[in-house]
Amino acid sequence: MRHLINITDFSTGEIESILDLADQMLSHPEKYRESQRGRILATLFFEPSTRTRLSFESAMLSMGGSVLGFATADSSSTSKGESLTDTIHTVSCYCDIIAMRHPKEGAPLAGSLISEVPVINAGDGGHNHPTQTLTDLMTIRREKGRLDRLTVGMCGDLKFGRTVHSLIGAMSRYEGVDFVLISPPELRVPDYVTSRLRAEGIPYTEAESMESVMDRLDVLYMTRVQRERFFNEADYIRLKDTYILDTDKLRFARDDLSILHPLPRVNEISVKVDADPRAAYFKQVKNGRYVRMALITKLLEQA
Ligand code: NCD
């Protein structure tokens with residue numbers, strides 16, 4: 001039985017086969033309409049979500065499967081003091097696969113150790129978010145036609161942004177990828193991520209200004225400042241609008257840039273950018289549904 005806790009749990013070959021299946025599912029959804037009939041997905045969300053939870057549910061329903069679960073911790077027995085392991089033990093008796101989001105780093109890993117069914121990490125604190133990374137990889141591959149030989153800019157809250165940590169982990173494994181990490185000094189990528197890049201000889205540069213690096217980028221991955229992970233509100237307020245991508249700043253960008261954002265957006269991309277052909281973040285939302293269909297299919301095949 002396989003789980004997906006960290007994106008590097010899957011080889012690049014396994015990731016490519018999920019992306020290939022997701023592309024097919026997007027082109028011919030009718031072929032998969034009954035493919036998970038009788039199977040049940042549980043979504044256990046101890047933290048807020050719109051896209052991740054609903055795309056998982058939509059994915060399972062689009063394949064004829066069923067879904068159950070909860071969207072807030074206070075509507076589960078956690079609020080009565082039940083341990084996470086007891087909750088997982090219980091839920092794994094009711095379903096065939098679990099997608100779980102939790103504010104504590106490592107909680108999905110702990111759940112996977114006692115679960116009787118595959119567990120998917122749908123975001124653990126400021127740590128990882130592997131299914132967003134599958135969505136990001138599918139989008140980059142569809143937009144750019146490849147996952148290697150790319151200069152990938154990541155901008156915003158690189159400290160607490162779990163999607164950034166997972167995407168760096170995944171893209172580091174492709175030849176010729178160069179990272180440009182754009183953040184204020186307080187929100188730099190954690191040391192455990194950059195030390196791995198240095199150890200593996202993967203090129204990266206850190207920058208504070210978006211404008212100064214814009215013309216180098218093939219992909220620009222914007223992120224929101226993660227308010228819920230700050231220790232004090234004053235720091236959040238000081239940092240929240242450090243970067244706002246607008247049509248003016250895009251004058252410095254290449255014509256074939258792809259702009260991604262895991263969403264939700266707060267202020268970091270002006271709505272005027274939505275009409276720019278380089279904006280790929282709503283395509284990314286759509287891809288998330290198909291890549292989760294493919295992931296559920298692959299994990300259930302091996303369960
Ligand atoms: C991201 C997350 O939850 O980490 N959202 C998502 O799943 N698409 C990004 C964020 O909340 O900023």
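Whatever order the structure lists them in is the order used to number ligands and atoms, beginning at 1. All values below were derived from every heavy atom in this structure, side-chain atoms included, with hydrogens, water molecules and symmetry-related copies excluded. If you read the sequence from its start, that first residue is 1, and numbering goes on from there.
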Note to self: Check contact between Q226 and ligand 1, using heavy atoms of the residue and a distance below 4.0 angstrom.
What the structure shows: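 Heavy atoms of Q226 do come under 4.0 Å of ligand 1.
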Can you tell me if G123 has a non-hydrogen atom under 4.0 Å from ligand 1?
no
min-distance protein heavy atom vs atom 4 (O) of ligand 1 -> R162 NE, 2.7 Å
Lys/Arg-Asp/Glu bridge criterion (N-O < 4.0 Å) met for [X], [Y]:
X	Y	result
E14	K298	no
R141	D20	yes
R227	E233	yes

At less than 4.0 angstrom from any non-hydrogen atom of [X], what atoms of ligand 1 do you find?
X	answer
T52	6 (C), 7 (O)
P262	8 (N), 9 (C)
R224	10 (C), 11 (O), 12 (O)
T163	1 (C), 4 (O)

Minimal heavy-atom distance between C155 and L220, with the atoms involved, is CB-CD1, 4.1 Å
Indicate whether any N or O donor in one side chain lies under 3.5 Å from an N or O acceptor in the other, for Y221 and T163. yes
For the pair T131 (side chain) and A122 (backbone), establish whether a donor and an acceptor sit closer than 3.5 Å, ignoring hydrogens and angles.
no
Atom 7 (O) of ligand 1: of R229, H127, H129, the nearest heavy atom sits on H129
Here the gap from R196 atom CZ to T8 atom OG1, rounded to the nearest 0.5 Å, amounts to 6.5 Å
Original post:
So, is L263 polar-close to ligand 1, with some N/O to N/O distance under 3.5 Å?
Top reply: yes
